[in-house]
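A short worksheet on the structure shown next.
Labels below follow one simple rule: chain letters A, B, ... track the order of the sequence lines, proteins then strands, and each chain is numbered from 1. In this text, all values refer to a predicted model and were calculated from it rather than measured experimentally.
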2 protein chains.
Amino acid sequence: MEKTFGMVRVSKRKPLREEVYESLKKSILYGKLKAGQRLVEEQIANQVGISRTPVREAFYKLERDDLVRRLPKGGFAVREFTREDVEEIFGIRSALESYAAYLATLHITPDKLSTLEKKVDESESALKKGDHEKLIQLHTEFHDLLYKACKSKKLIELINNFRDYFFRYRSALLHAPGGFQTSITDHRQMLKAMKEKKPRVVEKLVRDHLERGKEIILREISKGRVTP
Amino acid sequence: MEKTFGMVRVSKRKPLREEVYESLKKSILYGKLKAGQRLVEEQIANQVGISRTPVREAFYKLERDDLVRRLPKGGFAVREFTREDVEEIFGIRSALESYAAYLATLHITPDKLSTLEKKVDESESALKKGDHEKLIQLHTEFHDLLYKACKSKKLIELINNFRDYFFRYRSALLHAPGGFQTSITDHRQMLKAMKEKKPRVVEKLVRDHLERGKEIILREISKGRVTP
DNA sequence: ATTATGTATACTGTATCCAGAAGTCTCTTA
DNA sequence: TAAGAGACTTCTGGATACAGTATACATAAT
């Protein structure tokens, strides 16, 4: 992060530990680091060309995020998920995200509603064009916007932490048979219920949406199409 | 933590960072460290007689727990709560704890039910004797046991983290007019609904229970009887 | 009196080093 | 051959030192 005022450079660099944390996190979320992959302080430090200290601190932070777990023989590993984990996490997500959607329905403003509507419209348009990358992006954005409207910073933070666990599966989720269409239909219904100020309906729609997502992931895991 | 096998001492001491973390956390929870109190690495390190490293790591962990916040001028401070924070946190607690109670109703075994019943019986007995300390302890234990029955380690962890924010208020909560009696009545009703395998009823009872708790805390804060 | 500059202090972030623990491998002895 | 001891390797946790940054205070200049 650098700003330039004329010829004067104002540098506000993030601490190294933050940079390592974000880089590792991104690698995990995007699947560059596979579940089970072992990570060792010294190795990462040598690769990056820094000391162990910021690497260690990044590891501890990832550990607290439950994105890595500590190995008994030293080092950390990218977290793996059992079927039970998937059930557990989706259960918690359901509780949190439906609550956020409930709050969002209470608090949302008309301009935010129309932004959401625009996302759904764009999704339908992208579906017609078969632009799957765009659809994945719009799907994520719809949920980001929806939860942001709940006005609870801590809740959003929590939700995003849980969503991160399955970030690398979002493509598989949507590519499942009928995945794109179902997702758009769900979003359309949520939007409708929000316009009508029916928070309990939105809440239920989000629960069902997540239940469907969970079943898809479990099915894909069973078929060996994705690794836990 | 030391174990002794005959004359052989097996020492499994916790890392210093864990010890500092737990000690600071306890001081925060029990009100020894007041909201707003500033904490500085070097100072704590000097007081304890260790280097800064484990202190820093403990601070980061407490920060992640949202029990302390980073100060712009260096150091950390014990977290303060606005009324909005109280509302936010109780909202999230309500979502999480009611979900946990719902799961617990599905999973609980008869022996655990009778343990819960025993806690309620003991609470009524302690109320008659005016043993308030005992009542506070039993209240906490009831909830610990209830949530433990949900069989979701991550959910329990989350819930406990949120409960910790108001740990120092639990006495005020129960000492509020009619607090003890209401709490016992609530627990009795939850127990009844659990026996009857009505998870949605338990869920609602827990929501109402927490709503009441929130109102009490907000009222006590308004009256200046507790500091946020 | 006000503003600018220099210095001291307080703190953080990072690098380096040391000691210890745990696991693995090799050699020796029974 | 099997068991035990010692050496080696790999890793962590913590201590220490150094450099950088931000703030407060004192002094000099206008």
Side-chain angles (χ1 to χ4, degrees), chain A residues 1-6 8-25 28 33 36-79, chain B residues 1-25 33 36-79:
Chain A
M1 156 111 11
E2 297 195 339
K3 296 191 182 181
T4 306
F5 296 88
V8 181
R9 184 180 294 256
V10 178
S11 174
K12 183 133 183 199
R13 204 175 52 85
K14 278 184 286 190
L16 277 184
R17 69 172 179 269
E18 288 297 324
E19 301 216 359
V20 175
Y21 167 75
E22 284 168 7
S23 174
L24 286 175
K25 186 172 179 179
I28 292 168
L33 289 174
Q37 169 94 39
R38 185 158 179 261
L39 306 171
V40 180
E41 286 176 16
E42 191 84 45
Q43 284 175 13
I44 305 285
N46 288 339
Q47 282 167 26
V48 180
I50 58 175
S51 80
R52 277 172 49 212
T53 308
V55 175
R56 173 202 298 215
E57 289 171 3
F59 278 178
Y60 289 171
K61 199 172 177 191
L62 289 166
E63 187 186 21
R64 289 194 292 275
D65 285 348
D66 261 329
L67 286 171
V68 301
R69 60 185 168 86
R70 191 175 294 245
L71 294 172
K73 298 180 182 179
F76 290 81
V78 178
R79 178 150 176 215
Chain B
M1 160 125 347
E2 298 194 339
K3 297 191 179 180
T4 308
F5 296 87
M7 294 302 291
V8 180
R9 185 181 292 260
V10 177
S11 177
K12 183 133 181 190
R13 203 177 52 85
K14 277 185 283 189
L16 276 184
R17 68 173 179 268
E18 286 298 323
E19 301 217 356
V20 175
Y21 167 75
E22 284 169 7
S23 175
L24 286 174
K25 185 170 178 177
L33 288 175
Q37 169 96 36
R38 185 159 177 260
L39 306 171
V40 180
E41 287 176 16
E42 191 83 41
Q43 284 175 13
I44 304 285
N46 288 339
Q47 282 167 27
V48 179
I50 58 175
S51 81
R52 279 169 48 213
T53 307
V55 176
R56 163 199 294 251
E57 288 169 2
F59 278 178
Y60 288 172
K61 201 173 175 190
L62 289 166
E63 186 187 23
R64 185 67 179 85
D65 285 349
D66 261 327
L67 287 170
V68 300
R69 60 186 168 85
R70 190 175 293 245
L71 295 172
K73 297 179 183 180
F76 290 81
V78 178
R79 172 138 182 227

| message | Using a 3.5 Å distance criterion without hydrogens, assess whether the side chain of A:R38 forms a donor-acceptor pair with backbone atoms of A:G74. | response |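 Yes, because the side chain of A:R38 sits within donor-acceptor range (under 3.5 Å) of the backbone of A:G74.
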| said: Salt bridge check, B:R52 against B:E41: does any charged N sit closer than 4.0 Å to a carboxylate O? | reply: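 Counted as a salt bridge, because a side-chain N and a carboxylate O are separated by less than 4.0 Å.
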| B:R69/B:E63 salt bridge by N-O under 4.0 Å criterion |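 Salt bridge absent between B:E63 and B:R69.
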| task | Let me have a per-nucleotide readout for nucleotides 9-17 of chain D, 5' to 3', with B, S or -, counting only protein heavy atoms under 4.0 Å. | result | --SBBBBBB
| query | Just checking, any donor-acceptor pair under 3.5 angstrom between side chains of A:Y60 and B:R64? | reply |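 No, no side-chain donor-acceptor contact under 3.5 Å.
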| Under the side-chain hydrogen bond (donor to acceptor under 3.5 Å, both in side chains) test, which residues partner B:D65, sequence neighbours left out? |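 side-chain hydrogen bond (donor to acceptor under 3.5 Å, both in side chains) check on B:D65 returns B:Y21.
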